[in-house]
Amino acid sequence: MKKLNSIKFFCIKVFFFTLLSCSDYKSQNIIIKDAHLYLPLNGLNMTSGYMNINNETKEAIEILGIDCSPLRAEIHETTMNSEGIMKMTKINSFKLSPESSNIFAPGGKHFMLWGMDNFQEKQLKCSLIVAGAEPIEFIFSVQDRG
């Protein structure tokens with residue numbers, strides 16, 4: 001009976017180990033640094049957020065969006081056309097190349113957030129929506145303009 005219980009325990013352990021290792025990425029291999037945003041200017045309810053994100057895995061990861069519920073949030077990119085005119089557009093998804101880093105900064109990729117009028121918190125919990133994997137949770141530091 002003891003031997004049968006040991007075999008059952010071993011099989012259950014193997015099953016859970018296999019289940020946990022089937023993920024497309026491990027969140028500890030996606031590193032988000034310096035995630036911050038500024039409170040909106042007076043009279044506005046929107047602002048932008050920035051961060052550095054590192055994909056330390058050996059595979060590309062596709063980011064499908066951002067969730068900062070209950071606020072509305074989108075990924076945007078500022079580009080310049082051949083006439084030198086800057087334009088901001090929504091990005092529906094983007095890929096993080098293997099073993100690479102991406103900087104979300106003014107004048108490039110960034111996050112737009114709406115509904116921040118009267119926002120009082122010093123942190124905002126969000127998550128990046130990942131194709132075929134669990135969301136990557138992170139916290140924006142909310143900073144006063146000054």
Side-chain angles (χ1 to χ4, degrees), residues 7-146:
I7 292 172
K8 284 181 183 178
F9 179 75
F10 176 77
C11 290
I12 290 170
K13 220 166 123 175
V14 168
F15 171 76
F16 280 109
F17 176 78
T18 304
L19 185 65
L20 290 173
S21 64
C22 287
S23 170
D24 289 344
Y25 74 97
K26 295 181 181 173
S27 62
Q28 63 267 23
N29 291 332
I30 305 299
I31 301 184
I32 295 175
K33 296 179 187 174
D34 194 29
H36 67 283
L37 57 87
Y38 295 98
L39 288 173
L41 294 169
N42 287 336
L44 298 177
N45 75 346
M46 65 179 208
T47 192
S48 52
Y50 311 102
M51 70 168 59
N52 296 331
I53 183 167
N54 299 319
N55 177 4
E56 296 186 345
T57 71
K58 302 257 187 231
E59 298 188 20
I61 296 171
E62 185 176 12
I63 305 295
L64 301 175
I66 181 171
D67 179 17
C68 297
S69 296
L71 303 177
R72 179 177 152 209
E74 297 176 351
I75 304 168
H76 284 216
E77 184 169 26
T78 304
T79 57
M80 189 178 303
N81 68 16
S82 58
E83 290 87 39
I85 298 172
M86 293 187 91
K87 179 171 108 176
M88 183 174 61
T89 55
K90 179 182 175 188
I91 298 174
N92 292 320
S93 69
F94 70 93
K95 289 198 180 190
L96 294 171
S97 299
E99 300 178 332
S100 69
S101 54
N102 286 261
I103 299 172
F104 284 68
K109 283 188 182 96
H110 58 279
F111 302 97
M112 293 298 300
L113 297 104
W114 290 265
M116 296 212 46
D117 45 337
N118 301 316
F119 193 82
Q120 302 295 317
E121 305 298 319
K122 293 295 178 193
Q123 295 182 332
L124 175 62
K125 185 176 178 180
C126 297
S127 50
L128 295 175
I129 309 305
V130 181
E134 293 294 316
I136 301 169
E137 294 184 356
F138 68 97
I139 295 175
F140 275 119
S141 168
V142 179
Q143 302 173 5
D144 291 323
R145 293 192 182 262

Minimum-distance pair of heavy atoms, taken over all atoms of [X] and [Y]:
X: F119; Y: L39; answer: O-CD2, 3.8 Å
X: N55; Y: L96; answer: ND2-O, 3.1 Å
X: I129; Y: I66; answer: CG1-N, 4.3 Å
X: G49; Y: L37; answer: CA-CB, 3.8 Å
X: P98; Y: A60; answer: CG-N, 3.6 Å
X: N54; Y: S101; answer: OD1-CB, 2.6 Å

Roughly how far, to the nearest 0.5 Å, is [atom2] of [Y] from [atom1] of [X]?
X: Q143; Y: K122; atom1: CD; atom2: NZ; answer: 9.0 Å
X: I139; Y: C68; atom1: CD1; atom2: SG; answer: 11.0 Å
X: T78; Y: M86; atom1: OG1; atom2: CE; answer: 5.5 Å
X: K95; Y: I63; atom1: NZ; atom2: CD1; answer: 11.5 Å
X: F140; Y: D34; atom1: CZ; atom2: CG; answer: 10.5 Å
X: D117; Y: T47; atom1: CG; atom2: OG1; answer: 11.5 Å

Close side-chain approach of [X] and [Y], heavy atoms under 4.5 Å:
X: L128; Y: I32; value: yes
X: N102; Y: N52; value: no
X: N92; Y: K90; value: yes
X: P40; Y: M46; value: no

request  = Return yes if some donor-acceptor pair links the side-chain N/O of S141 with the main-chain N/O of H36 below 3.5 Å, else return no.
outcome  =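 It does not hold such a pair.
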query = Has N42 got more than 12 heavy atoms of other residues, nucleotides or ligands less than 6.0 Å from its CG?
reply =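 Not more than 12 within 6.0 Å, no.
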request  = Would you sort out whether K87 and N81 count as a side-chain contact (heavy atoms from CB on, under 4.5 Å), showing the intermediate values?
outcome  = CA-CA 8 Å; K87 179 171 108 176; N81 68 16; over 6 Å; no
Lys/Arg N to Asp/Glu carboxylate O, D67 vs K125, below 4.0 Å =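 Not counted as a salt bridge, because no side-chain N and carboxylate O are separated by less than 4.0 Å.
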Which atom pairs, donor and acceptor, lie under 3.5 Å between side-chain atoms of residues 103-114 and protein residues at least two apart or in another chain?
| from | atom 1 | to | atom 2 | distance (Å) |
| --- | --- | --- | --- | --- |
| H110 | ND1 | G108 | O | 2.9 |

